[in-house]
Amino acid sequence: MKGLHSLSLILQIILLLMCMNKSQGSPTIGTKYSISITTKDGMLPLDVSPSAQPQPFLPLLAPSPLTPFKNYSMPLSKLSGLCSLNFSAAEDIMTTTATDCWTSFAPFLANVLCCPQFDAMLVTLIGQSSKFSGVLALNTTHAQHCLSDVTKVLVGQGANEDLRKICSIHPMNLTEGSCPIVFVDEFESIVDSSRLLTACRKIDPVNECCNQVCQNAINDAARKIALNDMSNSNGNRSLPGKTTRIQDCKNIVLRWLASKLDPSAANSVFRGLSNCNLNKVCPLVLPNVTSVAKECRNVLSNQRNCCKAIKSYVSFLQDQSFITNLQALKCAASLGKKLQNANVSNNVYNLCRIGLKDFSLQVGSQESGCLLPSLPSDAVFDKSSGVGFMCDLNDNIVAPWPSSSSSLLPSSCNRTTKLPSLPTATSSQNGLHINNLVLLHLFGSLILFKRLL
């Protein structure tokens with residue numbers, strides 16, 4: 001809670017200084033700033049399909065950084081020289097990773113931007129290397145050197161120094177794990193590589209999450225190579241560790257795909273696949289709801305105390321991380337189920353005006369929630385304005401109260417409900433074509449945010 005108020009205070013001071021600057025007749029040439037977030041009086045009804053088309057809205061463009069951003073680099077002399085991965089083959093992807101995992105904001109973007117991109121980059125690097133080595137994994141020693149060098153390069157470009165810890169990446173993640181197949185030739189002799197490549201060469205990030213064409217092909221290939229040496233085990237295919245082995249073999253399959261696609265295309269596919277998984281669950285930690293349930297069981301006779309309790313609870317969630325709009329949907333449903341299990345039967349979201357944006361970090365002068373698009377997106381680096389990313393500040397969608405008759409979380413594949421996944425580029429501001437989004441700049445002074453938590 002302390003961190004949230006600190007962030008809010010910093011933002012409000014900056015916005016106040018901007019107002020004073022404008023009133024003194026000192027405009028910034030070539031840039032138009034909005035200093036407030038437009039909100040509607042009422043919440044919109046829930047509409048949750050990735051195909052929904054949001055209405056055009058002029059985006060809010062945050063001010064330029066208060067401190068200049070530098071173009072970081074890592075001298076090659078500081079690398080081990082013992083890693084054979086070709087960094088230059090994925091140079092653009094590594095730059096994207098460093099930006100997505102930018103210093104002080106990496107912990108808050110870990111789930112939705114930083115770690116999915118870091119994972120995709122590592123898979124792509126090893127896959128590209130296999131075109132020359134013929135091997136789809138690194139040994140333990142080589143993995144240690146390479147992960148260390150990769151991290152140094154990313155940190156040298158501005159990424160968080162604790163990136164490996166934030167994303168829980170270890171040298172073993174670069175090895176074959178328990179998968180028995182590591183050589184490209186052997187892989188292609190077992191797997192229907194033509195079918196796999198056809199299914200995954202290019203994916204639709206919306207339809208793939210529902211139809212799972214590429215995911216099914218990957219699972220089939222992983223199962224084949226995982227069970228390849230089990231066929232002679234007296235027909236016993238339920239050996240201990242089979243699930244872990246198949247999961248490890250999925251990494252091998254992904255690296256093989258990376259070897260057959262150009263780095264950019266491979267990275268795009270992997271980000272799309274990871275988004276299918278991350279949008280399935282709520283990444284927030286939901287504490288005990290006893291205090292909320294106590295005030296909200298008889299909400300009709302005590303609405304004020306109930307709303308105070310639920311808003312206090314939600315404010316704790318707002319300290320955790322940025323999330324996507326679909327993740328917010330899962331979080332709202334999960335919290336609603338917890339409250340129902342605690343005998344809260346009334347729709348307290350509707351009574352207390354709790355929206356999907358209330359489940360994410362709050363930004364701006366009015367502390368409006370920042371929900372990232374459900375489709376893959378990246379932070380961007382600009383020499384004049386610093387690092388920024390897109391978030392939706394304009395859709396006031398009421399949090400859905402779950403059905404008491406169903407234990408299932410809502411699915412974005414349910415075509416009867418709709419929610420914007422990415423905006424349609426119909427608004428323009430100084431050449432920036434964004435619809436229903438805010439480009440939130442992560443200026444240098446906000447490095448205090450983490451320290452004030």
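Hydrogens, waters and symmetry mates play no part in the numbers below; they use all other heavy atoms, side chains included.
With hydrogens and angles left out, the side-chain atoms of Asn111 and Gln327 include a donor and acceptor closer than 3.5 Å.
A centroid separation of 6.0 Å or more is found between the aromatic rings of Phe105 and Phe389.
Around CG of Asp92, the count of heavy atoms belonging to other residues, nucleotides or ligands within 6.0 Å does not exceed 12. Other residues, nucleotides and ligands contribute at most 12 non-hydrogen atoms within 6.0 Å of the NZ atom of Lys294. Counting heavy-atom neighbours within 6.0 Å of Asn298 CG, excluding the residue itself, gives a total of 12 or less.
Residues Leu329 and Pro400 are in side-chain contact: their nearest non-hydrogen atoms beyond the backbone lie under 4.5 Å apart. Within the 4.5 Å cutoff, the side chain of Leu372 has no heavy atoms near those of the Met390 side chain. Pro287 is listed as a side-chain neighbour of Tyr313, based on a closest heavy-atom distance under 4.5 Å. Lys338 places none of its side-chain heavy atoms less than 4.5 Å from the side chain of Val292. Side chains of Lys357 and Leu371 form a contact here, defined as non-hydrogen atoms less than 4.5 Å apart. Looking at Arg223 and Asn219, their side chains never come closer than 4.5 Å, going by heavy atoms from C-beta outward. Under the 4.5 Å side-chain criterion, counting only non-hydrogen atoms from C-beta, Phe270 is in contact with Leu254. Residues Asn160 and Pro107 are in side-chain contact: their nearest non-hydrogen atoms beyond the backbone lie under 4.5 Å apart.
Contact between Leu351 and Gln303 at its shortest, heavy atoms only, is O-NE2, 3.2 Å. Taking each heavy atom of Ala199 and Cys214 in turn, the nearest pair found is O-CB, 3.5 Å. Summarising the geometry of Leu317 relative to Val285, their closest heavy-atom pair is CD2-O, 3.4 Å, with the distance given to 0.1 Å. Of all heavy-atom pairs between Cys101 and Ala106, the closest is O-CB, 3.6 Å. Between Lys152 and Leu79, the closest heavy-atom pair is CB-CD2, 4.0 Å.
Here Cys167 pairs with Cys114, Cys115, Phe118, Leu163, Ile169 under the side chain to side chain contact (heavy atoms under 4.5 Å, CB included) rule; sequence neighbours left out. Listed by chain and number, the residues in a ring-ring contact (aromatic ring centres under 6.0 Å, His included) with Tyr349 are Trp401 (sequence neighbours excluded).
With values rounded to the nearest 0.5 angstrom, Ile93 atom CD1 is found 11.0 Å from Glu91 atom CD. Note that NZ of Lys330 is 15.0 Å distant from CG of Leu335, once rounded to the nearest 0.5 Å. Ile323 contributes atom CD1, which lies 4.5 Å from atom CG of Leu284 (distance to the nearest 0.5 angstrom). With rounding to the nearest 0.5 angstrom, the CG atom of Leu138 is 11.5 Å from the CE atom of Met172. Asn347 CG to Ile354 CD1: the interatomic distance, rounded to the nearest 0.5 Å, is 10.5 Å.
With hydrogens and angles disregarded, a donor-acceptor distance shorter than 3.5 Å links the side chain of Arg297 to the backbone of Ala342. Between the side chain of Ser360 and the main chain of Gly369, no donor-acceptor pair closer than 3.5 Å is present. The closest donor-acceptor contact from the side chain of Gln320 to the backbone of Leu361 lies at 3.5 Å or more, if one exists at all. Formation of a donor-acceptor pair under 3.5 Å by the Asp100 side chain with backbone atoms of Ala379 is found in this model. Remark: the backbone N or O of Ala293 is not paired with any side-chain donor or acceptor of Glu295 at under 3.5 angstrom.
Sequence neighbours left out, not one pair with a member in residues 103-115 passes salt bridge (charged side-chain N to carboxylate O under 4.0 Å, His left out). Counting only residues at least two apart or in different chains, salt bridge (charged side-chain N to carboxylate O under 4.0 Å, His left out) contacts with residues 246-264 comprise Glu188-Lys260. The side-chain hydrogen bond (donor to acceptor under 3.5 Å, both in side chains) pairs that include a residue from residues 266-277 are Gln117-Asn267, Gln117-Arg271, Arg271-Asp378, where partners are two or more places apart or lie in different chains. The salt bridge (charged side-chain N to carboxylate O under 4.0 Å, His left out) pairs that include a residue from residues 203-215 number zero, where partners must be two or more places apart or lie in different chains.
The SG atoms of Cys352 and Cys306 lie 2.5 Å or more from each other.
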Can Leu356 and Asn325 be said to form a side chain to side chain contact (heavy atoms under 4.5 Å, CB included), step by step?
-> CA-CA 7 Å; Leu356 289 182; Asn325 46 28; 5.5 Å; no
